[in-house]
4 protein chains.
Amino acid sequence: MEFAESKAIYLQIAEFIEEKILAGDWPADERIPSVRDLAASLGVNYNTVVRTYEFLQQQEVIFNRRGLGYFVGLEAQERVRQRQREEFTHKIIPELFRKMELLSFSLEDISALYKNK
Amino acid sequence: MEFAESKAIYLQIAEFIEEKILAGDWPADERIPSVRDLAASLGVNYNTVVRTYEFLQQQEVIFNRRGLGYFVGLEAQERVRQRQREEFTHKIIPELFRKMELLSFSLEDISALYKNK
Amino acid sequence: MEFAESKAIYLQIAEFIEEKILAGDWPADERIPSVRDLAASLGVNYNTVVRTYEFLQQQEVIFNRRGLGYFVGLEAQERVRQRQREEFTHKIIPELFRKMELLSFSLEDISALYKNK
Amino acid sequence: MEFAESKAIYLQIAEFIEEKILAGDWPADERIPSVRDLAASLGVNYNTVVRTYEFLQQQEVIFNRRGLGYFVGLEAQERVRQRQREEFTHKIIPELFRKMELLSFSLEDISALYKNK
DNA sequence: GTGGTCTAGACCACC
DNA sequence: GTGGTCTAGACCACA
């Protein structure tokens with residue numbers, strides 16, 4: 001996996017996992033890769049994945065069963081979906097509209113880009 | 001001014017200035033606030049504004065007249081506008097569409113939000 | 001049974017058993033549940049209960065009759081009682097008093113709580 | 001500083017700091033030692049203190065001013081006090097009373113210990 | 001100077 | 001096997 005420089009790696013891994021859950025690839029209550037396995041497959045340090053998992057656990061997206069590993073939270077998909085939709089409508093979209101005006105993009109321009117994507 | 005935690009303050013100040021220029025509030029060749037004044041009015045450290053001005057100067061958005069202060073570059077508005085439109089269509093918009101799919105937002109949803117804003 | 005996160009599960013099970021013995025529910029020389037049964041009824045791993053029993057055996061609280069199972073030690077109740085009273089007066093109580101001062105609880109506050117419990 | 005084996009060092013440092021705040025030694029909005037300084041004076045690793053500070057920040061006990069350091073939260077003393085009093089009355093005290101009954105300690109025994117401490 | 005992050009590697013308790 | 005913690009040391013962005 002490639003990582004952007006602008007953001008902490010452990011947060012990029014968290015986003016990667018949230019997308020897996022959002023897309024339904026990792027269903028509720030299912031075990032996710034062990035810290036060591038994920039670290040190895042992403043080519044990052046063990047402690048970096050530890051940080052990701054601690055972060056997601058604190059967000060109640062995943063949880064730990066002692067000695068067994070981490071599992072997808074029972075309401076994780078819905079929780080992530082709602083949090084992200086909330087952020088989308090209240091932060092991303094207003095910022096988008098602000099930029100559109102500033103840069104003279106119309107809704108039609110966006111539509112055209114959407115159809116050609 | 002309030003600053004987000006996720007981004008460097010000096011870059012948020014740079015955006016703030018670019019928007020002033022884009023909107024035509026600060027026309028070409030006009031003097032912009034001194035480092036000390038801007039730092040005071042934004043409530044940030046002097047060095048932080050120095051960094052912003054160095055950054056914008058290096059981007060050829062502003063320039064320095066020794067002993068007089070910083071001024072808006074002659075082609076600044078157009079330069080900023082083109083760079084931002086470029087970034088908008090090639091980075092912001094694709095990312096927007098990706099999120100829309102992940103979160104089940106349609107183009108109609110965006111239109112509706114646009115009309116109600 | 002619910003387990004606290006702050007302490008090892010096998011130790012929490014050991015406390016559970018010691019309380020049974022202290023309260024007289026499990027008298028001396030009486031057989032206690034098999035490892036498998038207890039593990040099943042508590043919803044924990046077999047090895048975890050094995051560890052509890054080994055721990056309690058080493059503390060001379062329970063003992064093993066080969067092929068028959070584990071039994072409550074002959075002097076277990078008195079032994080557990082003395083060890084816990086010792087710990088109570090020399091560790092729990094001093095720590096209690098320290099917290100009381102820090103949090104402005106008086107002995108009267110404790111008495112009041114005791115009467116209303 | 002001496003650390004117990006039974007608990008993570010970073011949490012023991014967090015308790016140490018909370019007691020400083022509770023006792024009024026570190027007032028609201030006052031800067032606390034830098035990560036490096038505290039690590040050096042406690043004889044622990046830099047990262048261990050980083051963990052403590054992240055933990056306390058997440059608990060809203062301290063907060064960060066970028067480039068300046070960590071500061072005691074504005075309502076920190078009251079917040080810590082309330083959280084600990086809550087824990088005291090609802091966890092420590094009930095557990096105390098349970099143990100008292102199990103070990104045949106009376107309220108008078110506790111009083112006597114308190115007066116002789 | 002400040003904190004934030006990452007790597008490398010170790011030891012431990014636990015299941 | 002699993003995660004949890006700690007050390008050591010490095011580099012970076014930031015004020």
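Bear in mind that the values here come from a model prediction, so they are computed numbers and not experimental data. By convention in this document, chain letters (A, B, ...) are assigned in the order of the sequence lines, proteins followed by strands, and residues within each chain are numbered from 1.
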Keeping the roles fixed (side chain from Gln57(D), backbone from Phe63(D)), state whether a donor-acceptor pair exists under 3.5 Å. no

Counting only N and O atoms by type, is there a donor-acceptor contact under 3.5 Å from the side chain of Glu30(D) to the main-chain atoms of Phe71(D)? no

Does the side chain of Leu103(B) reach to within under 4.5 Å of the side chain of Leu22(A), using non-hydrogen atoms? yes

Starting at atom [atom1] of [X], determine the distance to atom [atom2] of [N], rounded to an integer number of angstrom.
{"X": "Lys7(A)", "N": "dT5(E)", "atom1": "NZ", "atom2": "P", "result": "12 Å"}
{"X": "Leu38(D)", "N": "dT2(E)", "atom1": "CG", "atom2": "C1'", "result": "14 Å"}
{"X": "Glu5(D)", "N": "dC6(F)", "atom1": "CD", "atom2": "P", "result": "12 Å"}
{"X": "Phe71(A)", "N": "dC15(E)", "atom1": "CZ", "atom2": "C1'", "result": "11 Å"}
{"X": "Phe3(A)", "N": "dG4(E)", "atom1": "CZ", "atom2": "P", "result": "21 Å"}
{"X": "Gln12(A)", "N": "dT5(E)", "atom1": "CD", "atom2": "C1'", "result": "12 Å"}
{"X": "Gln57(D)", "N": "dT2(E)", "atom1": "CD", "atom2": "P", "result": "17 Å"}
{"X": "Glu54(A)", "N": "dC6(E)", "atom1": "CD", "atom2": "P", "result": "13 Å"}

Look at the side chain of Tyr70(D) and decide which nucleotide, out of dT5(F), dT5(E), dG4(E), has an atom nearest to it. dG4(E)

Among the candidates dC15(E), dT2(F), dG3(F), find the nucleotide nearest to the side-chain atoms of Leu68(A). dC15(E)

Find every protein N or O atom lying less than 3.5 Å from an N or O atom of nucleotides 7-10 of chain F, and list the pairs.
unit_1, atom_1, unit_2, atom_2, d
dT7(F), OP2, Asn45(D), N, 3.0
dT7(F), OP2, Thr48(D), OG1, 2.6
dA8(F), N7, Asn45(D), ND2, 3.1
dA8(F), N6, Asn47(D), ND2, 2.8
dG9(F), O6, Asn47(D), OD1, 3.4
dG9(F), O6, Asn47(D), ND2, 2.9

Nearest-nucleotide wise, let me know which of Ser34(A) and Arg66(D) is further upstream toward the 5' end of DNA chain F. Ser34(A)

Any pair counted as ring-ring contact (aromatic ring centres under 6.0 Å, His included), so long as it reaches residues 24-58 of chain A, sequence neighbours left out: Tyr53(A)-Tyr70(A)

State whether [X] and [Y] are salt-bridged, where the test is any N-O pair (Lys NZ or Arg NE/NH1/NH2 against Asp/Glu carboxylate O) under 4.0 Å.
{"X": "Glu86(C)", "Y": "Arg83(C)", "value": "no"}
{"X": "Arg98(C)", "Y": "Glu95(C)", "value": "yes"}
{"X": "Glu54(A)", "Y": "Arg51(D)", "value": "yes"}

For the pair Val72(B) and Val61(B), evaluate side-chain contact (heavy atoms from CB on, under 4.5 Å) and give the outcome as yes or no after the intermediate values. CA-CA 6 Å; Val72(B) 177; Val61(B) 171; 6.0 Å; no

OP1 or OP2 of dT2(F) versus the side-chain N and O atoms of Arg31(A): is any pair under 4.0 Å? yes

OP1, OP2 of dT5(E) versus side-chain N and O of Arg51(A): anything below 4.0 Å? yes

Intermediate values then yes/no, side-chain contact (heavy atoms from CB on, under 4.5 Å), Ile9(B) and Leu42(B): CA-CA 11 Å; Ile9(B) 292 176; Leu42(B) 295 180; over 6 Å; no

Range-with-range stems for DNA chain F, at least three Watson-Crick or G-U pairs under 3.5 Å: E:1-14 with F:1-14

Closest to the 5' end of DNA chain E, once Asn64(D) and Gly67(A) are matched to their nearest nucleotides, is Asn64(D)

